[in-house]
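I have placed the structure first, in the form of structure tokens, so that the comments after it can refer back to it.
Throughout, protein chains are lettered first and strands after them, A, B, ... in sequence-line order, and every chain is numbered starting at 1.
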Number of protein chains: 2
Amino acid sequence: MNATPQYRLVYESLRKHIEQGVYSEGDILPSENELCIVHNVTRPTVRKALDMLTNEGFIKRRQGLGSLVQSKPRGIGILSIAGTTSVIGRENLVTRVVVKPVVKRWPADFPFGLTKPERESGCIYFERVRLVNGQPIFYDISYLPNMNLPRFTRRKLDNHSLFNLLREVYHIKITGGEQNIKAIHASTTVQNHLDVDPSTPILHLERKLETSRIYFNVFSFLYCDTREHALFGSF
Amino acid sequence: MNATPQYRLVYESLRKHIEQGVYSEGDILPSENELCIVHNVTRPTVRKALDMLTNEGFIKRRQGLGSLVQSKPRGIGILSIAGTTSVIGRENLVTRVVVKPVVKRWPADFPFGLTKPERESGCIYFERVRLVNGQPIFYDISYLPNMNLPRFTRRKLDNHSLFNLLREVYHIKITGGEQNIKAIHASTTVQNHLDVDPSTPILHLERKLETSRIYFNVFSFLYCDTREHALFGSF
DNA sequence: TTAATTCACTTGTATTTACAAGTTATATCA
DNA sequence: TGATATAACTTGTAAATACAAGTGAATTAA
């Protein structure tokens, strides 16, 4: 018995095709009627999937013409390294887990408010560093509520997107969030992870990411060395 | 004959009630069935309106329980000073225009791509500084395409939101965008405007904001002194 | 008095049907 | 050969219908 709603199967299929380049910017997706046939569903189901792709910026719909693929989805909450796809080969962009996911209590002085279920469930804590051409440029500390994430602590996060993992394995989507952004001088820990000296200006983001799962937010504390590569976000 | 779709009338009505405080955070909206009766429409129409409110962060739906009002809608592209509403009185937050809006040609080395209509129309350029308790913390350089913005250069921007002005006067809404974020050392100009010394780390954002008007993007180059106040964004 | 069950609500998922309005290709007419 | 009308597609809007699954209050049983 497949518990995944049909509209979501259609959505994931189309989204994957767009991400894989089956459809490129400017292409027109198969019509709603064609998608009904291909997926063996009805138009409202297909339209719900297309609504989601529209909201996330993957496509733009034109009455009478079709659904046009856009090059840049609105990556809610997604940050990347500016120029990643064109300037840096994928093999020179590496994500390394420096502290593996581990269940912990929330820090007493955690700067974001927590829901009661979150507070009671503790958190999964891990740290990652992202390197470009061997040079560390991101240092990220993540906290997830320890809520219904079976075997999360055993998953390999190296070179994997946390957002994709949450969505594909746990059906948790990032739906929005908030962030505080600062320019700071690096602490000793950050200096060590990013391999910078004390005078380097460091970009610091404190982020709370809301999700499709109730009472479940993802928290991220990010430090970036942006001398060579800016941090890029779309919204 | 009313050209506005019914789902949008329902959406605007509910959104206005939430914004006006008829419903507060944590309140449960009338059920879908009740909204059908009130607005004389059917469930799919109501659900489309609720979908939109959900996507924009106004409400969160709970199967079996109802639609819960959330306090913070997703403010696309809006940045503010962290803690503004609770920590700083409105009278201590001042926006000052340091270069009034003037029509210019686009800089030859403008870092964002421009649409052909934008390139051909030139731009409206202005600079603003935002101060908290008399202390400058934001320095913003803005470029708008000089396209169908009657009398823009004569408008007073002190203590006015550019987004609100665009939406209310010119019916232009920010619909999304992208940004590069960096931590830098301040140039001399930035040092002067923000009243900082050369060692202060400065937050720098280069932003392209997409709008509801075709071929019309808003560009912003922002420098922030974040020692006292982080930059806050929700998405 | 407490626990279990039932009921009446809620939202979630999905189908079927119909017509409106936009776009583009094709056919027809001058 | 070019202009106009038509046809065949597209997405947009909306109703009607049905059942699944979640939630909390009320009722019943122990």
Side-chain angles (χ1 to χ4, degrees), chain A residues 1-14 18 23 26-70 115-117 147-148 167 171-173 175 211-216, chain B residues 1-14 18 23 26-70 212 214:
Chain A
M1 200 275 194
N2 193 345
T4 305
Q6 298 197 96
Y7 75 82
R8 186 170 294 162
L9 295 173
V10 176
Y11 159 81
E12 292 286 358
S13 167
L14 290 172
I18 294 170
Y23 304 110
D27 285 353
I28 300 185
L29 289 184
S31 69
E32 291 175 8
N33 285 338
E34 287 173 346
L35 292 171
C36 290
I37 297 172
V38 167
H39 294 277
N40 198 25
V41 295
T42 55
R43 258 190 90 209
T45 303
V46 162
R47 286 180 63 78
K48 187 169 171 69
L50 295 175
D51 283 347
M52 291 165 65
L53 291 167
T54 302
N55 288 332
E56 292 172 20
F58 283 99
I59 63 172
K60 178 165 274 185
R61 285 145 91 188
R62 293 276 305 279
Q63 181 174 359
L65 176 60
S67 304
L68 296 145
V69 175
Q70 296 193 133
T115 66
K116 191 174 194 293
M147 287 166 64
N148 195 15
R167 198 184 74 251
H171 301 306
I172 299 174
K173 284 180 62 180
T175 56
T211 72
S212 55
R213 187 181 280 187
I214 194 164
Y215 301 131
F216 187 107
Chain B
M1 200 275 197
N2 193 344
T4 305
Q6 298 197 96
Y7 75 82
R8 187 168 295 164
L9 295 174
V10 177
Y11 159 82
E12 293 285 357
S13 168
L14 290 170
I18 293 170
Y23 304 110
D27 284 353
I28 300 185
L29 290 184
S31 69
E32 292 175 9
N33 284 338
E34 287 173 345
L35 291 172
C36 290
I37 298 172
V38 167
H39 294 276
N40 196 26
V41 294
T42 57
R43 258 190 90 208
T45 302
V46 162
R47 286 181 64 79
K48 188 169 171 69
L50 295 175
D51 283 347
M52 290 164 64
L53 291 167
T54 302
N55 288 331
E56 292 173 20
F58 284 100
I59 65 171
K60 176 165 272 187
R61 287 145 90 187
R62 293 278 306 282
Q63 181 174 0
L65 178 60
S67 304
L68 295 145
V69 174
Q70 296 192 135
S212 53
I214 194 166

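- Between the C1' atom of D:dG12 and the CZ atom of B:Arg8 lies a distance of 11 Å, rounded to the nearest Å.
- Taking the nucleotide of DNA chain D with the nearest heavy atom to each of B:Gln6 and A:Leu29, the more 5' of the two is matched to A:Leu29.
- Whole-Å rounding puts the B:Asn33 CG to C:dA8 P distance at 15 Å.
- With DNA chain D read from its 5' end, the first of the two nearest nucleotides for B:Gly64 and B:Thr45 is the one closest to B:Thr45.
- The only option from A:Leu50, A:Val69, A:Val46 that meets the side-chain contact (heavy atoms from CB on, under 4.5 Å) definition with A:Leu14 turns out to be A:Leu50.
- Put simply, OH on A:Tyr11 is 18 Å from C1' on C:dT13, counting in whole angstrom units.
- Taking atom CG on A:Leu35 and atom P on C:dT15, their separation rounds to 13 Å, with Å as the unit.
- Here D:dC19 presents its P atom at 14 Å from CZ of B:Arg43, a figure rounded to the nearest Å.
- Nearest-nucleotide positions on DNA chain C place B:Glu34 closer to the 5' end than the other of B:Glu34 and B:Pro44.
- Where A:Gln63 and A:Val41 meet DNA chain C, the nucleotide closest to each residue was compared, and A:Val41 sits on the side nearer the 5' end.
- The NZ-P distance, from B:Lys48 to D:dT11, rounds to 14 Å in whole Å.
- Between A:Arg47 atom CZ and D:dT11 atom P the separation is 8 Å, expressed in whole Å.
- For the atom pair A:Glu56 CD and B:Asn55 CG, the distance stands at 9.0 Å (nearest 0.5 Å).
- Inter-residue side-chain proximity for B:Phe58 and B:Ser67 is flagged as unmet; no heavy-atom pair is nearer than 4.5 Å.
- Nearest nucleotide to the B:Pro5 side chain, out of D:dA14, D:dA15, C:dT13: D:dA14.
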CA sep, side-chain torsions, deciding dist, call: A:Glu32, A:Arg47, side-chain contact (heavy atoms from CB on, under 4.5 Å): CA-CA 7 Å; A:Glu32 291 175 8; A:Arg47 286 180 63 78; 2.8 Å; yes
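- An OP1 or OP2 oxygen of D:dT10 is reached within less than 4.0 angstrom by a side-chain nitrogen or oxygen of A:Ser31.
- Spacing between atom CD of B:Glu32 and atom P of C:dG12 amounts to 6 Å, rounded to whole angstrom units.
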Step-by-step side-chain contact (heavy atoms from CB on, under 4.5 Å) determination, B:Val41 to B:Leu9: CA-CA 11 Å; B:Val41 294; B:Leu9 295 174; over 6 Å; no
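- In this structure, B:Arg62 does not reach the C:dT10 phosphate: none of its side-chain N or O atoms is under 4.0 Å from OP1 or OP2.
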